[in-house]
Peer 1: 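First, the structure itself, so that you have it in front of you.
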Amino acid sequence: MNEITIDIIAGVIALTALTTAGGLLLQTLSRRFRVDGSPLVAQIDACLPQTQCGQCGHPGCRPYAEAIASGESINKCPPGGRDTIEALADLLGKEPIPLDAAHGITELPKVAVIDETVCIGCTKCIVACPVDAILGAAKLMHTVIADECTGCDLCLAPCPVDCIALVPRSWPTRDIKSTDSREVIARG
Amino acid sequence: MAECRIIQSPRRLAGGLQRADGKALSLSQPLMQMNPPVLQLALPDTLEDTPLERWSIGDQIEAGQPLFTTQEGITQACPRTATVESVGTGKTLSGSPTPCRLLNLTVVDPDPPRQPSLTPLPANPDGRTLRQRAADAGIVGLGGGGFPAHLKWQHRLHTLIVNGAECEPFLTADEQTMRLRAPAIWDAVVALMSALSLQRCVLVLEDNKPEALAALQAAYPSVLDAQDVCITVIQSQYPSGAERQLIWLALGLEIATTTSPVEHGIVVHNPVTLAALADALHGYPLTDRIVTVTGPSIVTPGTFQTPLGTPIDLLLSQAGGLRPGHHNVFHGGPYTGWPISNTAAGVRATTACLYAAPVVSQTPSPCIRCGACAEVCPVHLQPQQLFAALTHDQLDEALHVGLSQCLECGACDVVCPSNLSLTKTFQDGIQDHQLQQAEKQRADRARTRFEARNQRLLKRSEADETRRAVRRERSGSALDRIRAARAEETH
Amino acid sequence: MLWRIWAPPQSTRAVMQSVWIALIPGTLTSVWVFGPGVLVHLVLAGLGACLAEVIGRRARGLAATQALQDGSTLLTAWLLALALPPAAPLWLPFVAGLIAIGLGKQLYGGLGQNPVNPAMLAYAILIVSAPVAMTTGWIVPFQGWSTPMPLTGIGVGAVDGLTGATILDLYRTEFRELTAPEIAQHPLFSVGGLGIAPGVEWVALSHLLGGGFLFARRVIRWQAPVGFLVGLLGLAAFFAIDPDNTVPVLTHALAGATLFSAFFIVTDPVSGATSPRGQWWFGLGAGVITYLIRTYGLYPDGVAFAVLFMNFMVPLIDQYTRPRIHGESRSIRGSVRGRS
Amino acid sequence: MDWGLLLISAALVNNVVLVQYLGLCPFMGVSNRMDSAFGLSLATAFVLTLTSVVAYLIETLILIPLDAVWLRTLAFIVAIAITVQSTELIMRKTAPLLYQVLGLFLPLITTNCAVLGIALLNVNRSHTLLESALYGFGAAMGFALVLVMFSAMRERLARADIPELLQGTPIALITAGFMALAFMGFSGIVNS
């Protein structure tokens with residue numbers, strides 16, 4: 001063996017030793033200094049509008065927050081619109097992206113109203129409401145607590161007599177800042 | 001007769017505007033009495049009891065009779081003896097999209113009430129009596145705030161400040177009141193000081209009102225101890241009459257924006273409010289107020305003693321009407337006023353001034369960060385930073401740099417070389433912030449309700465599960481029993 | 001009409017025009033000292049600037065005329081023309097105008113949006129990319145009228161009556177062998193004037209006059225100019241304890257672009273700090289850095305780099321020099337995104 | 001060399017980002033927000049100083065005795081990675097508050113070429129142990145200065161009417177170029 005080969009072998013051994021030692025060090029450190037738990041889901045949940053509408057494909061805002069925390073895209077919340085996407089992008093250090101039109105478009109927030117003359121008191125909407133904003137009992141007329149209604153429209157489908165309608169809120173609301181749907185289409 | 005102590009305030013606002021005040025315009029005429037044939041009163045959204053139930057069309061209401069009471073306890077008296085013409089909904093002064101309920105009256109007797117409709121109070125009423133009287137007589141802040149006076153007196157107070165600054169150009173209602181009704185103002189001061197056991201009273205005047213000063217000096221009552229009472233003269237500067245600025249000018253005390261002056265024991269009243277309070281002590285509820293009708297578009301500007309509910313149109317025509325051309329009529333002064341869209345609506349208790357000016361279209365140019373706005377800002381904000389943040393959708397940044405501290409005084413608009421509508425932007429931003437807060441609260445409520453529901457459903461399904469399990473077990477054992485019985489039978 | 005001139009300007013256009021007025025004395029003196037070339041430069045820089053403005057606005061689909069009317073474009077060009085060497089080749093002011101408005105202003109969205117001073121940006125870009133044209137185009141004072149304008153950069157410095165050196169350059173190069181009093185014996189000092197910075201001192205003093213006008217009209221505040229002069233001259237005075245090896249304080253004050261910058265460059269509202277306290281720090285920083293570059297750096301007059309550097313400090317300065325809000329116990333600092 | 005001058009030289013005149021063009025990735029990537037910029041600056045200051053020392057030790061204690069200086073780059077990368085990772089792990093447990101500020105950024109620094117660059121420069125300039133640490137610290141200060149300045153500037157640009165085409169990263173890159181131009185003014189102030 002010539003000198004250069006020895007040099008090379010010495011170097012490789014030194015480097016291997018260095019990396020092995022480093023690897024072992026990191027391994028022990030990661031064992032000794034383990035930390036668990038992450039408050040991320042709660043932070044994500046705080047950015048969501050809490051309509052519990054399920055338009056994102058999850059049964060409520062918290063489940064979507066959990067999905068985002070494990071990597072789902074942040075643009076599936078139409079009621080939150082641009083504000084929510086920007087807040088999420090900010091929180092997660094991502095670039096804001098336009099709303100995914102497949103999940104719907106941002107509209108002015110609404111409230112459900114039950115036409116009390118038509119309602120037959122079947123309680124199906126009460127079961128559907130994610131925030132318990134509908135009052136009533138079997139065979140008795142139902143009514144929506146407008147102040148608690150998130151306008152999620154989940155009560156519309158179950159109603160057998162179509163007596164529920166979504167109407168614009170009677171109190172002032174913020175201007176919506178939806179991402180332009182044309183932009184979504186243009187970007188495919 | 002005691003001499004009144006007059007002090008020159010050693011402080012002056014850092015910032016603020018010093019412009020031609022235009023007050024002579026409306027002060028050149030004597031105070032005139034308005035006698036409108038009809039009245040239109042806007043009913044507050046929240047009423048303790050509604051006149052709709054009490055009055056029917058054609059009923060005659062005597063002047064001074066209570067019309068309605070708000071939730072805050074303020075009772076509005078009928079300004080004149082009149083018959084009910086209609087009760088309905090209609091457009092508000094500002095023309096806001098939500099209509100308000102209106103009470104239309106046809107005046108029978110145009111003269112102001114001659115007899116007190118409330119019992120005159122004895123010389124030195126106690127605090128409770130005074131509060132009750134102020135509420136019954138409908139005394140609210142007549143400077144423009146409209147805050148019920150008796151609510152301010154619920155706090156432990158030690159200092160009364162009479163806000164005679166009237167710093168906004170063209171406004172003269174306070175000055176005219178101080179000139180003509182100085183004794184009444186002092187009467188109210190005396191009553192307040194004894195009833196609320198105040199330690200001192202400072203009457204603040206701008207130095208551009210020598211006549212008012214002379215009138216107040218001449219009417220100074222001997223019962224007031226000159227040790228406790230003084231008139232402080234401040235430099236004429238807009239907006240020295242803003243509450244916190246005024247307190248600082250008068251006492252050298254800065255009130256943190258998170259607290260209100262009454263929490264520090266300081267109550268500020270407008271002289272017009274005090275004059276109305278003096279009337280209330282003698283049994284006359286608030287039925288009239290003094291209104292300045294002025295501005296470059298008014299033919300003969302002046303001050304008018306006006307029954308509440310007098311249609312704005314009528315008041316304008318009494319002042320000679322508007323000059324030909326396009327004009328805007330503002331509720332309030334040239335800086336803080338907002339445009340009146342419905343001039344058929346009636347005068348409110350807070351209508352201190354109607355200001356009319358030609359419509360000018362100014363095209364804004366970009367902000368060049370010259371800092372002129374910051375120089376005049378009385379609270380030392382950086383309006384250009386607020387503006388940049390708000391116009392680029394950064395409400396949180398605007399709030400961080402003090403958006404909620406903005407007085408909306410409009411001084412920055414006046415000096416901006418780029419003609420930017422700064423104050424409007426800030427008002428919109430503040431409103432947006434309030435809506436955002438409300439949304440956030442709703443979202444929080446929705447979250448708790450959603451989670452509570454999930455918990456409930458979970459609990460119920462668990463309960464169902466256990467019940468089923470119990471039943472299964474029971475039915476299982478029953479089966480066994482049957483099997484056992486059958487087995488016995490067969491054996 | 002006089003009261004109109006003295007009243008504080010009420011529109012952006014009036015602000016710009018009052019700066020125009022304030023530039024007139026300095027410009028006239030420059031023409032007197034350096035010859036008609038200054039005016040030619042003014043026209044060429046103006047053309048370049050307006051061209052960039054028009055192209056920039058058109059590219060964004062906006063009307064160009066309105067932007068030209070506010071007077072800021074011509075103001076930038078004017079400042080550039082006064083800052084460039086008076087015998088520089090003719091392409092230089094034109095390109096400078098293009099760069100200043102094109103890169104410095106239009107890229108950022110036009111008036112009020114540019115974070116750096118467009119004139120100083122163009123100056124810095126050119127001194128880095130065309131150092132010969134930018135440093136050798138200086139005319140011996142009062143010979144401008146008898147000197148032909150060079151049309152290209154070729155041969156600059158070789159033409160009779162031109163000199164490659166300003167007084168500050170002279171000090172810089174001669175310090176290797178001579179002391180300051182010896183340098184002051186150089187023939188350049190006897191051309192005329194007060195003997196501090198021949199010719200240039202008259203220009204500087206005219207700018208002082210213009211600056212006084214701006215101050216009286218309340219277009220500028222005192223903080224930035226005073227900060228700049230304190231930073232620059234304060235350091236110069238401090239190091240003057242060794243008079244043999246330092247440029248005299250008065251030369252620092254009257255030579256180069258000191259007074260011009262103090263009143264017309266560091267006072268630019270758009271790229272400068274906004275609060276009075278911030279303007280003071282902005283000026284001071286620019287002054288100190290100018291001194292450092294003049295004394296130790298490679299470039300002849302450091303104002304452009306100093307101002308550029310401080311322009312980049314402005315967002316920070318703005319965030320940390322807000323005045324205390326009435327009723328608050330301390331001033332608000334930082335931004336929402338930098339609160340941690 | 002005078003230590004003060006060494007610091008100024010490392011921070012301003014030979015600014016690691018704007019003059020030597022090292023660490024451009026975090027400079028562009030983490031300058032969106034000022035709090036991130038502060039965090040990354042602090043983390044970099046800490047790591048640069050530490051790795052400068054570690055690299056010096058590896059160079060003099062391992063590579064030179066073994067005559068394996070040709071492995072320098074590799075060895076330094078490994079050393080930096082180990083140092084940064086273990087710092088992160090330890091800090092996470094022992095100083096959670098500091099970790100909140102720096103934690104996110106520590107892994108980023110592993111891949112920050114400025115760290116490796118400074119370590120290699122230290123060897124090239126044959127700095128002593130103390131000089132290496134100082135130079136690392138100075139470079140980190142320069143990095144921190146431009147990062148914080150630039151992030152504040154980007155916040156301002158977010159509130160300016162930048163043409164739509166240039167909004168975001170394009171204008172940030174252009175501005176970074178102008179900033180480098182401003183730093184050219186310092187050239188020659190300290191001869192190095």
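Per chain, numbering begins at 1; letters A, B, ... match sequence-line order.
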Peer 1: Applying salt bridge (charged side-chain N to carboxylate O under 4.0 Å, His left out) as the test, list every pair that has at least one member in residues 278-299 of chain C; sequence neighbours left out.
Peer 2: C:Arg294-C:Asp301

Peer 1: Flag the pair D:His127 / D:Tyr56 as yes when their ring centroid distance falls below 6.0 Å, and as no otherwise.
Peer 2: no

Peer 1: By a 4.5 Å heavy-atom criterion (distance strictly below it), what part of D:Phe150 contacts chain C: side chain, backbone, both, or neither?
Peer 2: neither

Peer 1: Out of D:Ile174, D:Ile162, D:Asp161, return the one with the most heavy atom pairs under 4.5 angstrom to chain C.
Peer 2: D:Asp161

Peer 1: For C:Ile125, which residues count as a side-chain contact (heavy atoms from CB on, under 4.5 Å) partner, sequence neighbours excluded?
Peer 2: C:Ile99, C:Leu103, C:Leu121, C:Ser129, D:Phe178, D:Leu181

Peer 1: Could you look at C:Phe312 and say if it's the side chain, the backbone, both or neither that has a heavy atom under 4.5 Å from chain D?
Peer 2: both

Peer 1: Please state whether the side chain, the backbone, both or neither of D:Thr175 comes within less than 4.5 Å of a heavy atom of chain C.
Peer 2: both

Peer 1: What residues form a salt bridge (charged side-chain N to carboxylate O under 4.0 Å, His left out) with D:Arg154, not counting sequence neighbours?
Peer 2: none

Peer 1: Look up atom CD1 in C:Ile265 and atom OH in C:Tyr123, then write down how far apart they are to the nearest 0.5 Å.
Peer 2: 10.5 Å

Peer 1: Heavy atoms under 4.5 Å from chain D: which residues of residues 228-242 of chain C carry them?
Peer 2: none

Peer 1: Looking at D:Pro163, D:Ala152, D:Pro170, which one has more heavy-atom pairs under 4.5 Å with chain C than the rest?
Peer 2: D:Pro163

Peer 1: Does any heavy atom of chain D fall under 4.5 Å from the side chain of C:Asp318, the backbone, both, or neither of them?
Peer 2: neither

Peer 1: For C:Tyr296 together with D:Phe186, are the ring centres under 6.0 Å from each other?
Peer 2: no

Peer 1: Identify which part of D:Leu157 has an atom lying under 4.5 Å from any heavy atom of chain C, answering side chain, backbone, both or neither.
Peer 2: side chain

